[in-house]
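Naming convention: chains lettered A, B, ... in sequence-line order (proteins, then strands); numbering from 1 in each chain.
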There are 4 protein chains.
Amino acid sequence: MASVNKVILIGNLGKDPEVRHLEGGIAVARFPIATSESFKDKSGQKQERTEWHNIVVWRGLAEVAEKYLKKGNSVYIEGRLRTNNYQDKDGIQRYSTEIVADNMTMLGGRNESSGGAGGGNYQESAAPSSAATSSGPAGNTGKSSAFHNDEPDDLPF
Amino acid sequence: MASVNKVILIGNLGKDPEVRHLEGGIAVARFPIATSESFKDKSGQKQERTEWHNIVVWRGLAEVAEKYLKKGNSVYIEGRLRTNNYQDKDGIQRYSTEIVADNMTMLGGRNESSGGAGGGNYQESAAPSSAATSSGPAGNTGKSSAFHNDEPDDLPF
Amino acid sequence: MASVNKVILIGNLGKDPEVRHLEGGIAVARFPIATSESFKDKSGQKQERTEWHNIVVWRGLAEVAEKYLKKGNSVYIEGRLRTNNYQDKDGIQRYSTEIVADNMTMLGGRNESSGGAGGGNYQESAAPSSAATSSGPAGNTGKSSAFHNDEPDDLPF
Amino acid sequence: MASVNKVILIGNLGKDPEVRHLEGGIAVARFPIATSESFKDKSGQKQERTEWHNIVVWRGLAEVAEKYLKKGNSVYIEGRLRTNNYQDKDGIQRYSTEIVADNMTMLGGRNESSGGAGGGNYQESAAPSSAATSSGPAGNTGKSSAFHNDEPDDLPF
DNA sequence: TTTT
DNA sequence: TTTT
């Protein structure tokens, strides 16, 4: 234990999300995103390297991805690394590393569909099968001492 | 929207947590942690600067803090920044920035009480008032294709 | 020691950056960015809370901020927390927490000036007084084994 | 552009680092680290899943890894994802994802050699071939206004 | 003082 | 192949 496994990415979708609806109504979406970095090679030429990341989102986030994310969109992803191993069709053992996202924010960008959800932040909901409700934080108008603020307002979280 | 507010810290507690139990049984704990960085000043001398961060944890995480965290312990904190403003006792408007943690991992370290919880990872539970249940991820033995793994195992999340 | 102090933010500038050029040609820029989170209050009403963060960038990043960042722009910031204390004009001891950025990426957004730098990633350069050169990573075409890739290509970093 | 590729891990080394010294004196070290997460399966049984991550460090960080890191040690890693493709010995195209670390902090843990470097934070140096110097931040005693602190002290960064 |  |  005492472990942390966290990935933070901003990149563009290489394809529209592929969405599947499992039994029980659970949705899963997968899509690749590209990040790129530029550097100078030893001759001083500017070079660019693109990295592709396989993103997986579940439940409410998958539904959000299905509705709003398109090829070319820019997205902020927070998640964790997961490497699966499997036999390919020729019986060869293979590994595939993906990022299971639990936080996703649309940043617009190219081909921005802008169908109404530009720039929303979505979090994995803890509750199974639920939509991506904002499990988020809450306000406190903070009249009292900041470091000893104990009146639970609407949501003291 | 389209915003992200995330803080990641590893540091040592400057004091034991102060815990309060609000009505409804909600717990809040506060404690300062120190991070330090070393650098060379212009005369080439190694210098160190310590930064203090005010951590706030709610509910189950607060109970974990109360039970297991002591002055001197090393801890990993993931949370978000929050600046409260308030009037001090002299009526002066003041600001106080704190980190509301939603993920906390004990890393041991000095004075390690080691009372049974060395190195646990704890997450803010979405459900109000609940203990810090692992709202965490799940396994999939992954016999099938990694990128099209659709049989929901125990927990397909 | 053994400490980490890291902040990751995506938000919008509340004002144009204020830039100062110190002796030695070192530039410093400061600007506030807003992050906001929405939540439901106990009556089920959607509420929003905005958090303001004071960003400080030095040297090359400050020059980038001066040239390209405007009020309203969306920006990704990676940096560290720093709390300064000072006496205000009335001799009162005050604290101010800011984020010293060492990585900055423009994300566009409203009022996007688009004057040629949409979406650049900039890193704090380690070398004092230098412009924000890309201290970034490098390529390796990776013909050989991935886990034992030892031919230093252009830049083996 | 406008991309971010960041990984943050805390885990334990599964093996001692393998270090290679390339021509030009550049060092590369590789080692696997494990992160684990626990969850409850549908029958309510506590389960654990371990994830393995291949870490690569260059230059000064590699030398630090060589000297101080041992199988079993706990380490904080900050880096970026990189997927290499290569032909294996049978001519099969394979992919391997690794984390190129640019920040590493030893957290102690089991088998803690404690040979003098418990808990150091090390950063990738921008300068090629240099040792892992602290390219880190700097102090400012902050007598003046926090938000308009313009006297460059020792290191105004 | 931003943005949706 | 680690750790609890």
From C-beta outward on [X], which listed nucleotide comes closest to its side chain: [options]?
{"X": "D/S36", "options": "F/dT1, F/dT3, E/dT4", "result": "F/dT3"}
{"X": "D/K71", "options": "E/dT2, F/dT1, E/dT1", "result": "F/dT1"}
{"X": "C/N12", "options": "E/dT2, E/dT1, F/dT2", "result": "E/dT2"}

C/W52-E/dT1 aromatic stacking (under 5.5 Å, under 30°) = yes
Take atom [atom1] of [X] and atom [atom2] of [N], then tell me their distance rounded to the nearest Å.
{"X": "C/Q47", "N": "E/dT3", "atom1": "CD", "atom2": "P", "value": "21 Å"}
{"X": "C/L107", "N": "E/dT2", "atom1": "CG", "atom2": "C1'", "value": "14 Å"}
{"X": "C/N54", "N": "E/dT1", "atom1": "CG", "atom2": "P", "value": "15 Å"}
{"X": "D/R30", "N": "F/dT2", "atom1": "CZ", "atom2": "C1'", "value": "19 Å"}
{"X": "A/N5", "N": "F/dT2", "atom1": "CG", "atom2": "P", "value": "18 Å"}
{"X": "A/Y76", "N": "E/dT4", "atom1": "OH", "atom2": "P", "value": "20 Å"}
{"X": "C/I33", "N": "E/dT4", "atom1": "CD1", "atom2": "C1'", "value": "16 Å"}
{"X": "C/D16", "N": "E/dT2", "atom1": "CG", "atom2": "P", "value": "11 Å"}

Measure the spacing between CZ of C/R94 and CD of B/Q93 and express it to the nearest 0.5 Å.
-> 8.0 Å
Are the side chain of C/N12 and the backbone of C/A34 linked by a donor-acceptor contact shorter than 3.5 Å?
-> no
Salt bridge between D/E51 and A/R80, side-chain N to carboxylate O under 4.0 Å?
-> no
Side-chain heavy atoms of D/V7 within contact of D/I77, under 4.5 Å = no
Establish whether the base of E/dT3 is bridged to the side chain of B/S3 by a donor-acceptor pair shorter than 3.5 Å.
-> no
Have a look at D/T35 and say if it touches a base, only the backbone sugar-phosphate, or nothing, with a 4.0 Å heavy-atom cut-off.
-> nothing
Audit row: D/E98, D/N84, side chain to side chain donor-acceptor pair (under 3.5 Å) steps and yes/no = CA-CA 8 Å; D/E98 59 195 21; D/N84 298 290; 3.1 Å; yes
